[in-house]
Amino acid sequence: MLFYALGISPSIGEKHHPMYTHIITRTARIASIIEKRRPLADKIAGTQDNLKSLASALDKLEAHRKRLLTEVEPDIKERLKTIDFSTLQFSITTELEVLDKLRGRFSRDTLNIGVVGRMRQGKSTLLQSLSGLDNYVIPAHSGGACTAVRSTICPRFNTETEAKVTFHSEDSLFKEVILPYYTELRLTPIPASFSDFVNSPLPDKPSSATNEAMYQRLKHDYYSNQAIYRDLLGASQLTVPRHEIQDYVTHANGADSFKSLAVREVEIYCPFPNPEVGQIALVDIPGLGDLKVGDEKLMLETLGQGVDVVLFVRRPDPQGDDWQLEDTALYDKAAEALNDLSRRSFFVLNQLSDTQNESKKACERFKQHLHSRQLGIKVVDCIIADCKDPQQANRILDRVLDHLEKEILDLDTKYAESCQERLVQVHSAIQVELDKAHNAFAQEIQSDDWLPLFLHLFNQLVEEISVSLTRKLGEFKKKFEQKDDEFEKQVEAVIQACNNDPGIPSIEDIEGQAALLDGYQPAYFYYLPKIRTHLQSHFSPLDAALKRSIEDQKAEIANILIEQGRLGGLTEARGSEFLKVIAGILPEQLMPEQPSKLRAAFQNISNFSHLSEVAVLESIQKELDLLRADSSNFTWTGENQAQDVQNFLNSLYKKAVHDCENALQPLLDAPNKTAFAMLRQFVDQVLRAKGIEDEWRVFLAKIRMKVWNEFAQQYKRQQWRQEWLEGALYPAMSANQPQNLQFIS
Amino acid sequence: MRTIKVTMLGPTGVGKTSLLAAIYEQYQSVINGTELQIIPDHGSEARLIKRLNELKNLETAKFETSGWCRPSTEHQSYSFELCQRGARAFVELQFQDFPGEWINNADKKVKVEGFLRESDAVIIAIDTTALIEQKKGDNLHQQINGVEDLTRLFARVYRNLSSPKLVILAPVRCESYYKAEKYDPNLLASVEHGYASLLQHLEAKGLIDKVSVVVTPVQTVGSGVVFNRIDYDENGKPEFIFNKTGAKYNPKDSEQPLRYILRFVLSREVNGRWGVFNWLWTSLGKDKEFKNALDKFTSLCKIDDGFKVIQGHRLLDI
């Protein structure tokens, strides 16, 4: 290789040369630095996770806080209002970004040297000199296409030069490249996606936008050549041999070069002329002032994560050139992204070889001016060198690597420490807010404060239940012997149904049956039980009606307990189901070693089905008995026996219906009788039983918060407090442990 | 010849005429074999025979019926002469049969009251079905038998009685409550319960010694019909529905009211407490055979198994 040919590289035989030893040591130490960074990168990753958990816990807490603000009482609300998580959330976001950079930097396999320079300052020339790559890969000729993508050049020996090409996805290209053009050029309408971009006509350049070149670039490169590069979007990483690299890094030589539009990043591996550079990489950072949108962002990102030291390349023009505003601006931008830039950067003044030494003079002038510090640009060193000269270029590299090797650990530590320090501050600030959050709810009311109020309310409640139940009992008693209108209607309907549907066989049927059974008398006896069963079936709705009426009456009693008794809050069940649920809620014992009488009372009323004497079918058994074979004493006419059978059946059926109707009359008051009996038993059991008031007292004390608003509010506060503390605050507090945010001690 | 007046009271259609017809029929089949003869006058006989035929014709009636005779709407008077066979009559029995609603009619009430006052005996025909059967648990007794009206009637008429009276409570159409040769005990109990207000009035201090009260159930047609049910017709009027059992016309116990009336009359004469009818005793004394016949007839008054002398036993002593 050229480098070797120049005899710069130390030969095998010079292993013990002092400089060589120095270089070996340096290489080893760089390796050791990289090795030391790894565990830190892991720790940072852990801290990042913790910080994210903390952020999400705070998000939840904040959401909970906002919800509570709409619900709670004014005193709590005021305290909640003083809590501010928003600035803390912002700090966390910021620190997460910093940690990202830091982790990116610490997890790299190489120490990276960024080379920054505007067009035609010698940046590419310097990279060529250091890497041994030529114009095809790193275009440096004047008027040539500029570097189109971010490329990293790493030394790798004993293999052919090759490059790993990473492509954009449609989405990343659209977001990172296309959209910034639209924003910068103020083009509308803004497409929604990459395919929207390529499938819609490109908007005309608005007159307000001045950057014609930028517009042309969007139009002629990205818009017009989409057919060439689109297929590559989303393609997996590609390894390409040396002679193809240029297709992916520049786009000046024919249609194929538009492939580079799809490329996001290129890593080039090549044997450096200096074989002892160690684990380093050169990062080609596009300078400001190029006609590409998004460069600045890319530069800052690259500087933040991908670079340990920066070389600013500047070629002073011998013709009256001086430091420009752009130079300062570039430095300031870089300082934003890279901490301690003054200790991480070098200025390389590219001295062209000329006979008059004009260039050398210009460089000296620039260097002097830089050192005067009026510029505000502070660098480790300002080196004048001819970038085209590999020997001089490698001297720059040596200088930089020496510096890196000595300083980088210190710089790393300092940077990490500053970040850690801010995290400690964030932690403390969060703790302050969390403490406020912890005090937002006053302490729980002391356990015996409620008793006097409870007793007062209890006495009122018992009085109300007692009065209402007794009044209801009075109502039921008044109706005790009255017919129940609803039930009477049911009975009438049933009797009507009996009359309308007697189920008496036709003469033809009787004749058929008589023929089958060989006689009219057998036919008559055949039909009797059938008619009996038929009649009985008509009465079954009545038992259901009785049951229903009992349910209705239970509902009336339940209503008293729900309204006057305020027990509605215990369950959403209503009607008779309410009584059942309460029986279930009541504990088996309310007083020590005594089965709960209150529970038994609720179980009793809940299970109450009917009074034994009011079952319909039992009441009419005697009447149905008429329709038995042995109870008829008709005389057969002998003339028309089928008619006789029909007459007899009809007669017995009608009499049975008539008698059943009579037999049911005493049942018409059954619902009212039942209601009274049921309620009387209940009232006796829940109001008059020995020791029952104590049971009520104990039970209501247990459930007071669901019964009285006075306690309900307290209950709500407790609920709020509990949810706030356990649901939101405690997780946040445990996420905000100092050790969670510590990645260096 | 003395006249013994008997008032027939009871609701329309209950069967007062049928009761008389049955009395006449029983006379023919039971009594007339003895020395005692009961002879209706011509007019009475014709009407009673007509009614009897109606009752006997039940066999042609439908299986299910709500009644078998048309109720009388006019006041009827029936007259019977009691005599010794082949001798002249010694007493006339005069039955006044009033349509049931008369006691509620302001004009006709006076007539009823007047005759009741004059009567020695009164037969209160009771609609037994209404008394005992129920429709929807209610019974129609008050509505149909009109006990309250009756009680008021007696309260007005039975005051300062100068002569003893016989009140016969005669539940008719008792066929459905007669099983195995016995009346349902509930029948008598129902009468006493259903007529409690009247009975209470009659046992008042001023009446208890002067009024004899008896209960005599009557089966005007016999076991040929049996009660089935009560329906309401389209006007809401209760209809008592009976079924024909197939048995023939066979009235039972319908002569009992007559036996009690004669016993009552005889007792009065025998004991002479009232001194008015001494002529009877005198004439009876003349013919021992007739007296025996009369004794025998009256001694067959039933007093238990559904029959009962409620008060005034002494007035029936012979």
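In what follows, chains are A, B, ... by sequence order, proteins preceding strands, each numbered from 1. These figures come from a predicted structure and were not determined experimentally.
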Revision key, fill the gap. Residues at least two apart in sequence or cross-chain that pass side chain to side chain contact (heavy atoms under 4.5 Å, CB included) with B/L188, listed by chain then number, are B/E192, B/V215, B/K308
Check your understanding: Which answer fits A/E492, side chain, backbone, both or neither, if we ask what part of it has an atom under 4.5 Å from a heavy atom of chain B?
Key -> side chain
Revision key, fill the gap. Output for pair (B/R229 CZ, A/N662 CG), nearest 0.5 Å, gives 13.0 Å
**Study point:** Part of B/I230 lying under 4.5 Å from any heavy atom of chain A
**Key:** both
Review point. Any chance NZ of A/K655 has more than 12 other-residue heavy atoms, nucleotides or ligands included, within less than 6.0 Å?
Key: yes
Point to revise | A/S651 OG to B/F242 CZ distance, which is reported to the nearest 0.5 Å | key: 12.0 Å
**Study point:** CG-CG distance between A/N499 and B/D231, expressed to the nearest 0.5 angstrom
**Key:** 7.5 Å
Practice item. For atom CG of B/D233, decide whether the heavy atoms of other residues, nucleotides or ligands shown that lie under 6.0 angstrom number more than 12. Key: yes
Check your understanding: Does CD in A/Q643 sit with more than 12 non-hydrogen atoms of other residues, nucleotides or ligands closer than 6.0 Å?
Key -> yes
Check your understanding: Is the number of heavy atoms from other residues, nucleotides or ligands under 6.0 Å of B/I303 CD1 greater than 12?
Key -> no
Check your understanding: When rounded to the nearest 0.5 angstrom, what distance separates CG in A/L664 from NZ in B/K136?
Key -> 11.5 Å
**Study point:** Heavy-atom side-chain contact between B/N228 and A/K654 under 4.5 Å
**Key:** yes
Review point. Is B/K135 close to A/H658 at the side-chain level, that is, under 4.5 Å between some pair of heavy atoms?
Key: yes
